[in-house]
Amino acid sequence: MTELPKAYEPHSVEKKWYPIWLSSGYFKPSGEGRKYCITIPPPNVTGSLHIGHALCYSIQDVLIRWKRMQGYDTLCVPGTDHAGIATQNVLEKQLKKEGLTRHDVGREKFVERTWQWVHEYGGVILSQLQRLGCSFDWDRARFTMDEGYIDAVMECFVQWWEAGLIYRGKRVINWCPRCLTAISDIEVKHEDRAGKLYHIRYPFKEGSAMVVVATTRPETMLGDTAVAANPSDDRYRQLFGKTLILPLIGREIPLIPDDYAQSEFGSGAVKITPAHDANDFEVGMRHNLPKVIVIDEHGRMTEEAGRYAGLDRFEARERVVQDLSAQGLIEKIDDYVLPEATCDRCHTVIEPLLSEQWFVRMKELAGPAIDVVRERRVRFVPERYERTYLEWMENIRDWTISRQLWWGHRIPVWTTEDGEYIVARSEKEALEKAAGRPIKQDEDVLDTWFSSGLWPQAVLGWPKQTEDLARYYPTSVLTTARDIIYLWVSRMIMSGLYFMKDIPFDEVYIYATVLDEQGRRHSKSLGTGVDPLDVIELYGTDALRFALLVRAARGQDIRFASIKEKRQPQVEEARNFANKIWNASRFVLMNIGDASGIEPGWVPSDALADRWILAELNSTIEQVTVALEEYRINEVAQTLYHFFWDSFCDWYIELSKSLVASRESTEEVRAARCRIVYVLETSLRLLHPLMPYITEEIWQRLPHEGESIMMAPWPEALPVREDQQAREQMETLIAVITRVRNIRSIWNVPSQSRPKLCIGTDNASTRALISRNEEQIKRLARVAQVTVSDRLRIAERSARDIVSGMEIAVPLEGLIDLEKERERITREITRKENEARGLAARLDNASFMERAPREVVEEARNRHDELIAEIEKLRGTLESLEDGS
RNA sequence: GGGCGCUUAGCUCAGUCGGUAGAGCACUGUGUUCACACCGCAGGGGUCACUGGUUCGAGUCCAGUAGCGCCCACCA
């Protein structure tokens with residue numbers, strides 16, 4: 001066997017195993033038995049891996065590796081999203097560098113160029129997921145615009161159209177003047193910004209009276225076609241129907257009654273601009289008002305804006321205010337905090353614009369999607385997101401699905417010359433339906449979420465009735481970020497129920513948002529991001545995964561620091577753990593030689609350490625498995641960390657060292673080696689889903705069954721291995737050893753020196769326990785001799801203490817400072833007295849005795865009595881110290 | 001305006017059934033014992049944001065307050 005390096009070297013190990021796993025077909029489903037399926041949230045095809053992805057996909061890889069080891073038929077389907085606006089932005093930026101716009105190259109060339117780019121660079125993020133160790137079935141990878149996927153999108157559109165769920169309508173929609181497209185309500189972000197509230201006077205046509213209206217957007221007044229007041233507002237009751245003159249424009253507009261106007265706000269009168277405000281649009285519909293468009297799709301004033309035509313909307317605002325002011329028509333201008341709507345993608349201020357778009361009627365689709373969540377057929381983890389989802393779904397509004405972009409699924413609607421709509425799955429089908437009439441396809445493309453909303457069924461083959469679809473739909477769990485519950489999760493549930501007549505997944509696990517050290521969201525543009533690949537470069541994949549997973553408490557955000565001076569303390573902790581695993585394994589490996597005679601399976605033993613580690617291992621398996629089932633990934637990581645480091649390394653290896661590392665080749669030695677290999681091998685299997693590479697590397701060097709740890713069975717907890725007695729006894733043993741070490745530390749006993757240890761206790765079974773484990777105590781406490789008796793009688797000057805009802809003494813002639821020792825013991829007595837007093841008070845409390853559960857009372861009493869006995873003994877010790885002994 | 005989350009050791013965070021607070025890092029002392037200094041051993045450190053309530057008992061449950069963060073929302 002080759003010498004193992006002293007420290008774990010992740011990079012060569014990662015490079016070695018991933019290709020082997022891949023070519024062995026381990027990532028593929030077995031097709032047999034119980035199934036477990038995940039379709040990953042497809043990252044943007046333009047994307048590169050960021051730290052949030054690293055967490056998201058690590059979690060999914062943990063789940064899929066765990067279920068695979070449990071023997072499930074596991075399938076994890078990866079893929080990418082064409083990400084309409086995001087991708088188009090990337091390509092437009094590229095063109096801009098060449099001094100071109102998309103209009104210069106034309107639609108066809110632009111789309112072609114985008115495809116080229118996707119083919120060339122689109123796979124980057126998937127290869128980065130491979131570096132993360134993800135065991136996904138890459139042969140099944142899908143793209144939301146691949147051939148089969150297009151069929152799915154077209155099928156969906158056609159079916160929804162035929163069911164009357166899709167319609168075309170003229171509405172005030174959210175328009176991004178930079179992206180030059182409509183966007184849906186949920187793609188608009190609201191942010192409070194400091195602004196002004198302008199109070200403008202509108203004169204009546206007759207007389208000198210004025211009505212004051214307030215607005216945050218004075219430039220839109222140019223498009224006003226009415227002023228409204230609440231019908232119950234006494235100030236205006238007599239004035240309804242009168243005509244106002246719109247300043248600057250001179251248009252005659254009516255004063256109308258409408259409930260939309262609230263009497264309490266300002267003067268109670270509100271200007272109505274039906275073409276540039278969604279509410280005003282509704283008012284306009286009710287009163288049949290004209291809709292005057294004064295701002296165009298670029299955010300510039302139109303011809304309708306008169307002398308302001310051609311001005312940018314913000315410039316126009318200033319000019320309008322100036323001009324009104326010059327005419328004495330500004331009553332006042334207040335400071336005002338207004339929620340400003342911006343584009344989720346480019347942060348440009350949204351312009352509400354009257355335009356014709358395609359919509360999906362949501363009420364009908366939402367109904368069943370509400371039911372399945374309410375009935376917990378789809379379960380949210382953490383549960384609180386269920387309410388978030390339900391409240392949104394219950395107030396859902398129609399979905400604007402058309403986008404004025406070039407990159408995306410072109411809307412499958414053609415029109416004939418006389419304006420008839422032909423909706424078809426393909427141009428061929430459309431032509432057939434047109435029966436010779438010339439037709440023209442709609443220019444717009446579909447919202448990206450329209451296609452990704454079909455993800456689980458589409459990647460499994462839908463609309464074709466494939467074997468995958470039949471076998472793996474519904475999928476098991478969707479792991480995703482909370483900010484796309486509306487955008488994506490809700491739509492998958494709706495489309496899944498509609499087309500598959502079944503939920504798309506049983507559970508939705510909302511994982512943590514990764515924040516930077518300031519608590520801000522990681523952002524490339526802010527430069528606060530951490531590149532996971534840099535982290536992997538520095539510490540290895542397993543360390544990155546573990547660092548993230550150990551923090552992945554259910555639904556809680558994670559702060560993740562950036563790399564400073566080539567260091568990242570959180571990942572360093574994980575790297576240190578990996579190294580600990582490495583070195584513990586190195587110890588085992590160097591002692592089992594060529595492993596001849598090492599058999600798999602636990603070799604039974606009566607020794608305390610063996611019984612204890614087996615019980616600990618068993619309960620670790622139990623805890624870890626339950627935690628995985630409940631998505632408490634941090635607990636999985638923590639439990640394994642402490643089992644491995646504290647129980648296995650600090651105690652079990654140390655306790656079994658003399659046998660395991662023995663030069664002799666007795667049966668006892670062989671059995672000890674079998675056992676340590678067993679515990680290590682089982683631990684590696686438990687750790688594998690979190691840290692796939694290091695566990696495979698070591699596992700392959702250990703005696704093992706099977707080709708890869710990936711395919712090894714997940715350990716199972718066995719009730720017979722619970723061993724409360726071993727745990728209690730071990731606790732006592734650990735307490736004794738720790739106390740002796742503590743004494744050594746306090747009195748600076750040189751590490752080479754081997755004092756005696758005297759123990760006194762009237763408990764016969766404790767005495768037996770100490771005697772049985774004398775060799776262990778001698779080794780680990782570094783004492784020369786252990787004497788046990790029913791009472792401590794000792795002549796030499798010694799350090800004294802009480803532990804688990806035992807009196808212990810370590811004779812340290814010459815090292816002990818009597819005064820200091822007296823102080824120490826006095827402090828000890830005081831502490832115990834305080835605790836005992838507290839307990840006594842409780843035991844004295846009638847209500848406590850009456851109402852507390854019997855175990856709690858019992859425990860308090862035992863602890864109290866124990867303390868009293870200990871205090872008694874310590875007092876005795878103190879007396880003997882006074883004597884100078 | 002509505003909803004949700006957070007506030008625990010110097011820092012980053014755990015804390016399931018209410019039973020008297022834990023981890024990692026950092027810190028202090030110590031150690032080169034043949035797996036590991038990316039380590040061992042020992043140790044110090046907390047008014048669990050605040051106020052009130054329920055309870056024999058509250059970090060944990062309830063009500064409220066403050067600060068921070070997030071989501072939703074058409075009041076001009």
Side-chain angles (χ1 to χ4, degrees), chain A residues 4 6-8 172 185-186 189-190 197-198 213-217 220 228 260-262 264-267 269-273 277-282 336 338-339 341 352 382 384-385 387-388 391-392 395 482-483 485-486 513 515 517 519-521 539 543 550-551 553 555-561 569-570 572-591 626-627 630 632 634-635 638 641-642 649-650 653-654 657 661 738 741-746 748 750-752 779-780 782 835 838-839 842 845-853 855-857 859-860:
Chain A
L4 292 175
K6 274 183 91 167
Y8 173 56
V172 173
D185 294 336
I186 23 182
K189 293 299 144 212
H190 298 272
L197 185 63
Y198 303 86
V213 296
T215 180
T216 54
R217 306 186 55 213
T220 63
Y260 167 64
Q262 295 187 10
E264 308 82 54
F265 192 91
S267 67
V270 57
K271 61 193 267 316
I272 302 295
T273 322
D277 184 283
N279 293 304
D280 292 8
F281 178 80
E282 298 294 325
Y336 198 72
L338 65 155
R384 64 172 181 272
Y385 292 109
R387 244 186 79 191
T388 312
E391 276 175 19
W392 188 77
N395 298 302
R482 62 167 162 265
D483 50 345
I485 293 176
Y486 308 136
T513 304
L515 307 171
E517 51 261 84
R520 296 170 303 190
R521 177 165 290 206
Y539 295 113
V550 79
R551 295 178 165 73
Q556 224 37 66
D557 290 347
I558 293 174
R559 278 190 201 209
F560 198 77
Q570 295 166 305
E572 215 157 85
E573 169 197 335
R575 185 274 317 264
N576 292 351
F577 181 47
N579 206 50
K580 189 73 181 179
I581 296 171
W582 183 254
N583 278 294
S585 306
R586 218 158 60 92
F587 168 77
V588 172
L589 286 166
M590 67 178 53
N591 283 301
V626 170
E630 296 172 359
R632 296 198 308 258
N634 61 323
E635 205 176 298
Q638 257 157 30
Y641 183 98
H642 286 117
C649 293
D650 288 352
I653 289 185
E654 294 306 326
K657 208 171 230 176
T738 302
R741 286 168 170 175
N742 174 237
I743 286 168
R744 297 182 67 112
S745 176
I746 289 170
N748 292 318
S751 66
Q752 304 81 4
R779 239 184 100 82
L780 299 192
R782 305 179 70 74
E835 197 187 335
L839 286 163
R842 257 201 285 173
N845 183 328
S847 309
F848 173 74
M849 297 302 283
E850 200 178 308
R851 302 192 190 188
E855 313 87 73
V856 174
V857 174
E859 204 184 303

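Just so we're on the same page: letters track the sequence lines, and every chain starts at 1. As the structure is a computational prediction, the values presented were derived from the model and not from experiment.
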Asker: Which part of the nucleic acid, if any, lies within contact of A:Arg387, taking any heavy atom under 4.0 Å across all strands shown: a base, the sugar-phosphate backbone alone, or nothing?
Answerer: sugar-phosphate
Asker: With distance as the sole criterion, do the side chain of A:Lys6 and the base of B:C36 form a donor-acceptor contact below 3.5 Å?
Answerer: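 Answer no: no donor N or O sits under 3.5 Å from an acceptor.
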Asker: Can you name the ring-ring contact (aromatic ring centres under 6.0 Å, His included) partners of A:Tyr641, sequence neighbours left out?
Answerer: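 A:Tyr641 satisfies ring-ring contact (aromatic ring centres under 6.0 Å, His included) with A:Phe577, A:Trp645 only.
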Asker: Inspect the contact between A:Arg482 and A:Asp557 and indicate whether a charged nitrogen and a carboxylate oxygen are less than 4.0 angstrom apart.
Answerer: yes
Asker: Which whole number of Å gives the distance between the C1' atom of B:C39 and that of B:C4?
Answerer: 44 Å
Asker: Given the P atoms of B:A35 and B:U30, what is the spacing between them in whole Å?
Answerer: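 Approximately 25 Å lies between the P atom of B:A35 and that of B:U30.
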Asker: If I pick the C1' atom on B:C48 and the same atom on B:A9, what distance separates them, to the nearest angstrom?
Answerer: 10 Å
Asker: Counting only heavy atoms not in A:Glu630, do more than 12 fall under 6.0 Å of its CD?
Answerer: yes
Asker: Within the structure shown, what part of the strands sits under 4.0 Å from A:Thr738 by heavy-atom distance: base, sugar-phosphate, or nothing?
Answerer: sugar-phosphate
Asker: Nearest to the side chain of A:Lys580 - B:G29, B:C36, B:G19?
Answerer: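 Among the listed nucleotides, the one closest to the side chain of A:Lys580 is B:C36.
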Asker: Could you state the CG-P distance from A:Asp483 to B:G3, rounded to the nearest angstrom?
Answerer: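 Rounded to the whole Å, the gap is 22 Å.
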Asker: For A:Arg632, report the nucleic acid contact type (base, sugar-phosphate, nothing); a contact means any heavy atom under 4.0 Å.
Answerer: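 Here A:Arg632 touches the bases of the nucleic acid.
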Asker: Anti or syn, where syn is a glycosidic angle within 90° of 0; which label fits B:C39?
Answerer: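 Anti, since the glycosidic angle lies more than 90° from 0.
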Asker: Ignoring hydrogens and angles, answer whether the base of B:U33 and the side-chain atoms of A:Arg779 contain a donor-acceptor pair closer than 3.5 Å.
Answerer: no
Asker: Taking any heavy-atom pair under 4.0 Å as a contact, classify A:Glu573: base, sugar-phosphate, or nothing.
Answerer: sugar-phosphate
Asker: Measuring from the side chain of A:Pro853 (C-beta onward, heavy atoms only), which nucleotide among B:G19, B:C36, B:U16 has the closest atom?
Answerer: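 So the side chain of A:Pro853 is nearest to B:G19.
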Asker: Provide the distance between the two C1' atoms, one in B:G59 and one in B:G22, to the nearest whole Å.
Answerer: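 Between the two C1' atoms, the distance is 12 Å.
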Asker: Looking across every strand, which nucleic acid part, if any, lies under 4.0 Å from A:Glu835 by heavy atom: base, sugar-phosphate, or nothing?
Answerer: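 Nothing, no heavy atom under 4.0 Å.
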Asker: For Watson-Crick and G-U wobble pairs within 3.5 Å on both distances, what is RNA chain B written in dot-bracket notation, | included for inter-strand pairing?
Answerer: (((((((..((((.....[..)))).(((((.......))))).....(((((..]....))))))))))))....
Asker: Can you say whether a donor on the side chain of A:Arg575 sits under 3.5 Å from an acceptor on the base of B:C38, or the other way round?
Answerer: yes
